[in-house]
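Below is one structure, written out as structure tokens; comments come after it.
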Amino acid sequence: MTLSMNHPFHNPGGKTMPTSAALLEWYDRHARDLPWRIGPARIAKGVRPDPYRVWLSEIMLQQTTVAAVKAYFRKFTEMWPDIESLASADEQDVLKAWAGLGYYSRARNLKRCADAVVREHAGRFPQTATALRELPGIGDYTSAAIAAIAFGEAVPVVDGNVERVVSRLHRIDTPLPVAKKEIRAKAALMLDPARPGDFAQAMMDLGATLCTPKRPACMHCPVRRMCRALATGDPETFPVKAPRRAKPRRRGAAFVIEHPEKGWMLERRGGSGLLAGMTQVPTTAWTARQDGTTDTSEAPAGVSRWRRCGSIRHVFTHFELELDVHHAVAELPLEAGQWWSASDEIGGEALPTVMKKVLALAIESKLAENS
DNA sequence: AAAGCGTGGTT
DNA sequence: TAACCAAGCTT
């Protein structure tokens, strides 16, 4: 390590309070109260969180906001209160419950991980980050988070919040993701081995509530005296990130087919790639965007009259999609992998948000036409 | 190892 | 509005 000897992070016995102490003192007073969390007061009394709930919340929170996760976390813990019940569930039921939360490979890996823990680890999660890292859906961040929070292992936990906090504290101007190793090393130096879980969550709470991407509340920050980016007056410029690629546009047509008695025609998407294993209405391929609107030449055969409902737009991670929605009432024969879903069943299907938009538009435009 | 993978909120 | 962002993982 090449830290100068008078730097506060390297001087825990000196006049300046170590960063971890200042941070934990703040966390003891300002920790967010979250459904999957045991607060610092109860942790101090020796209470440990349920590893199953820690794991479930961490998977859900990957690239996902706390606000979006809360309702799903409650639903999942009601439906599957422990690892054994989740391991006993059908994958399709897990996907149905996950529908709307996004990044659906997380749900498939969640199920695979539950199976592995029950079958290969006697229903107990491994207690170290290294061992957790071997399980499906658990990478560098999640393995460290579970190990620190649920099992008290003294490992640095580096998520997007910590990257932001550490890159500002040390004014690291190397762009991400190249700077990751350096950030991890700095976080490891700061870590309080007596309270690894609290320390990890304190860093994340700081990043989420004060050390925010825009307009950080530096005046309320417990570690502002140690912050080099604040000292130079430009904390908002950190972390530096590599430029993003442009988002292309794609277009396609979706076909909402309504059986007069049986409901809507649905089908299951393939097992890999975008929205893998999720449910959809029949659609054309989604291809590089062209001008003009799509027609029904690629629609399922046997429909005498299509009604054009309009189009929906949806933004995925790496492209924007515009789907022209067509509706018809028809008694078509079902192909393999298709089924009719009645109106009281369709809410429980594994429909991703883009498909909920398609169905909502078809129903809305039908009602408008009939009124 | 760069790219694929959802969605909703904020600016 | 478009860009950016949120407790990343997989291949």
Side-chain angles (χ1 to χ4, degrees), chain A residues 31-32 34-37 49 53-73 95 98-110 112-113 132-150 156-165 176-178 180 184 187 197 199-209 211-216 236-237 239 241-250 269-278 280 286 312-321 350-357:
Chain A
R32 286 178 292 174
L34 301 173
W36 47 85
R37 177 180 281 181
R53 293 165 63 89
V54 174
W55 163 71
L56 178 62
S57 68
E58 291 299 343
I59 301 298
M60 288 183 166
L61 287 161
Q62 290 167 2
Q63 297 289 285
T64 308
T65 58
V66 165
V69 164
K70 281 182 177 174
Y72 284 86
F73 181 81
L95 284 176
W98 197 277
L101 197 55
Y103 284 139
Y104 298 101
S105 67
R106 291 185 295 173
R108 297 196 311 278
N109 285 332
L110 189 82
R112 287 208 297 141
C113 184
L132 287 160
R133 181 71 177 72
E134 301 300 313
L135 291 165
I138 298 184
D140 289 337
Y141 161 74
T142 306
S143 58
I146 298 171
I149 296 170
V157 178
V158 181
D159 74 327
N161 289 304
V162 177
E163 287 175 353
R164 189 167 56 253
V165 170
L176 286 170
V178 176
K180 271 215 158 194
R184 179 181 302 278
F199 178 77
Q201 293 173 99
M203 291 282 277
M204 293 190 277
D205 278 18
L206 183 69
T209 63
C211 195
T212 48
K214 304 294 179 189
R215 300 171 59 87
E236 201 170 304
T237 62
K241 294 191 175 182
R244 297 190 175 195
R245 287 165 37 109
K247 194 166 285 193
R249 296 164 188 260
R250 295 187 196 171
R269 290 177 65 90
S272 69
L274 185 70
L275 305 174
M278 300 297 285
Q280 66 172 14
W286 303 345
I312 63 102
R313 300 172 54 74
H314 191 75
V315 182
F316 292 100
T317 307
H318 56 296
F319 67 93
E320 289 182 23
L321 177 66
L351 289 166
T353 298
V354 61
M355 286 297 146
K356 288 182 177 166
K357 288 184 184 176

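Only heavy atoms go into these numbers, but all of them, side chains included; no hydrogens, no water, no symmetry mates. Residue numbering restarts at 1 for every chain, and letters A, B, ... go by the order of the sequence lines.
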Exercise for review: Could you walk me through whether A:Ile312 and A:Val354 pass the side chain to side chain contact (heavy atoms under 4.5 Å, CB included) test, one step at a time?
Suggested key: CA-CA 8 Å; A:Ile312 63 102; A:Val354 61; 4.0 Å; yes
Expressed in whole Å, how much space separates the [atom1] atoms belonging to [N] and [M]?
{"N": "B:dT11", "M": "C:dA7", "atom1": "P", "answer": "14 Å"}
{"N": "C:dA6", "M": "B:dC5", "atom1": "C1'", "answer": "15 Å"}
{"N": "B:dG8", "M": "C:dC9", "atom1": "P", "answer": "22 Å"}

Practice item. Assign each of A:Arg245 and A:Phe316 to its nearest nucleotide of DNA chain B by heavy atoms, then name whichever residue's nucleotide is nearer the 5' end. Key: A:Arg245
Does any N or O in the side chain of [X] come within less than 3.5 Å of the main-chain N or O of [Y], such that one atom is a donor and the other an acceptor?
{"X": "A:Arg269", "Y": "A:Gln280", "value": "no"}
{"X": "A:Glu236", "Y": "A:Arg215", "value": "yes"}
{"X": "A:Arg184", "Y": "A:Val158", "value": "no"}
{"X": "A:Arg106", "Y": "A:Ile59", "value": "yes"}

So [X], base contact, sugar-phosphate only, or nothing? Heavy-atom distance under 4.0 Å.
{"X": "A:Val354", "result": "sugar-phosphate"}
{"X": "A:Thr142", "result": "sugar-phosphate"}
{"X": "A:Thr353", "result": "sugar-phosphate"}
{"X": "A:Arg37", "result": "base"}
{"X": "A:Arg164", "result": "sugar-phosphate"}
{"X": "A:Leu275", "result": "sugar-phosphate"}
{"X": "A:Trp36", "result": "base"}
{"X": "A:Ile149", "result": "nothing"}

Check your understanding: Do A:Lys180 and A:Asp140 come close enough that some side-chain heavy atom pair is under 4.5 Å?
Key -> no
Review point. Are A:Ser57 and A:Val69 side-chain neighbours, meaning at least one heavy-atom pair lies under 4.5 Å?
Key: no
Study note, to complete from the structure: Counted 5' to 3', the first and last nucleotides of DNA chain B within 4.0 Å (strictly under) of a heavy-atom of chain A are B:dA3 to B:dG8
Practice item. Step by step, work out the side chain to side chain contact (heavy atoms under 4.5 Å, CB included) result for A:Val157 and A:Met203. Key: CA-CA 9 Å; A:Val157 178; A:Met203 291 282 277; over 6 Å; no
Revision key, fill the gap. On DNA chain C, more 5' by nearest nucleotide between A:Arg133 and A:Arg249 is A:Arg249
Review point. Under the side chain to side chain contact (heavy atoms under 4.5 Å, CB included) criterion, do A:Leu274 and A:Trp286 qualify, and how do the steps go?
Key: CA-CA 11 Å; A:Leu274 185 70; A:Trp286 303 345; 3.6 Å; yes
Exercise for review: Scan residues 200-208 of chain A against DNA chain C and write down, sorted by residue number, each residue with any heavy atom closer than 4.0 Å; if none is found, say none.
Suggested key: A:Met204, A:Ala208
Review point. What distance separates A:Asp159 CG from A:Gln63 CD, expressed to the nearest 0.5 Å?
Key: 9.5 Å
Exercise for review: Return yes if a side-chain donor-acceptor contact under 3.5 Å exists between A:Glu58 and A:Tyr141, otherwise no.
Suggested key: yes
Check your understanding: Does the ring center of A:Phe316 lie less than 6.0 Å from the ring center of A:His314?
Key -> yes
Check your understanding: Which nucleotide span of DNA chain C, 5' end to 3' end, has atoms closer than 4.0 Å to non-hydrogen atoms of chain A?
Key -> C:dC5 to C:dT10
